[in-house]
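Throughout, a chain's letter reflects where its sequence line sits, starting with A, and its residues are numbered from 1.
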Protein chains: 2
Amino acid sequence: MAVNLYDVAYGVEKAIRESDEFKQLKQMYDIVNNDEGAKRLFESFRNIQLTLQQKQMMGEEITQEEVEQAQKQVALVQQHESIAKLMEAEQRMSVIVGELNQIMLKPLEEIYGSMEQK
Amino acid sequence: MAVNLYDVAYGVEKAIRESDEFKQLKQMYDIVNNDEGAKRLFESFRNIQLTLQQKQMMGEEITQEEVEQAQKQVALVQQHESIAKLMEAEQRMSVIVGELNQIMLKPLEEIYGSMEQK
Ligand SMILES: [Ca+2]
Ligand SMILES: [Ca+2]
């Protein structure tokens, strides 16, 4: 691997770290983490989401009770200002990471894309 | 999104495109794609791998026949010099992309990691 490739990757790391979006994400994480109630609610929400995603991926059945529990948690986190803001910040960061990946992986996509079409 | 963040991402794209690893990958893809037999074998191998992966992820049963078919294909592509070299080039590129991602996503990992530990 060329040294240059590592260098530019560290450039992206630095740029992410210095971006407003990252700073806002970090700030909202700190706020939620320092609020015991918010932290517990957010972790519970995350765990339920993760469990449902895994079940879905594995083709396992999701019970009516689980659906209701998940809906209740979604309603709770949406009403919680810090958590709602944290999730918006995560969403923005996730869009950026997706855009960065699309840019950086374009050379590879061109190779794989051309194979599909032929 | 800060302009700087896009700029550095394009820097990575350029560096990937100019890397020896990418050039080798592209060269091997072209060689395989321009050899009708190699291309067909490689596509068939890929399709079988993809089907098995999807079945595994969905928790579906993989038949003995499918396992044998996959093993036969693996043996065939391993014996095929151009395809074997292409797969090695893909493997090297995939390691690099993984390393780049690890570097670039370190800021995010730090946030999520700290949440887990608290
Ligand atoms: Ca809002
Ligand atoms: Ca070899």
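Under 4.0 Å is where a charged nitrogen must lie from a carboxylate oxygen, and between Lys23(A) and Glu18(A) no such pair does. Salt-bridge formation is detected for the pair Asp30(B)/Lys26(B): a Lys NZ or Arg NE/NH1/NH2 atom is positioned less than 4.0 Å from an Asp or Glu carboxylate oxygen.
Using modelled atom types, one finds no donor on one side chain facing an acceptor on the other under 3.5 Å when comparing Gln73(B) with Gln69(B).
Chosen from Gly11(B), Ala9(B), Gly59(B), the residue pairing most often with chain A at heavy-atom distances under 4.5 Å is Ala9(B). For the set Arg17(A), Arg92(A), Met58(A), the count of heavy-atom pairs under 4.5 angstrom toward chain B peaks at Arg17(A).
With a threshold of 4.5 angstrom between heavy atoms, Leu108(A) approaches chain B through its backbone and through its side chain. Contacts of Val97(A) with chain B are made by side-chain atoms alone, with heavy-atom separations under 4.5 Å and no backbone atom involved.
The side-chain heavy atoms of Leu86(B) and Leu25(B), taken from C-beta on, include a pair separated by under 4.5 Å.
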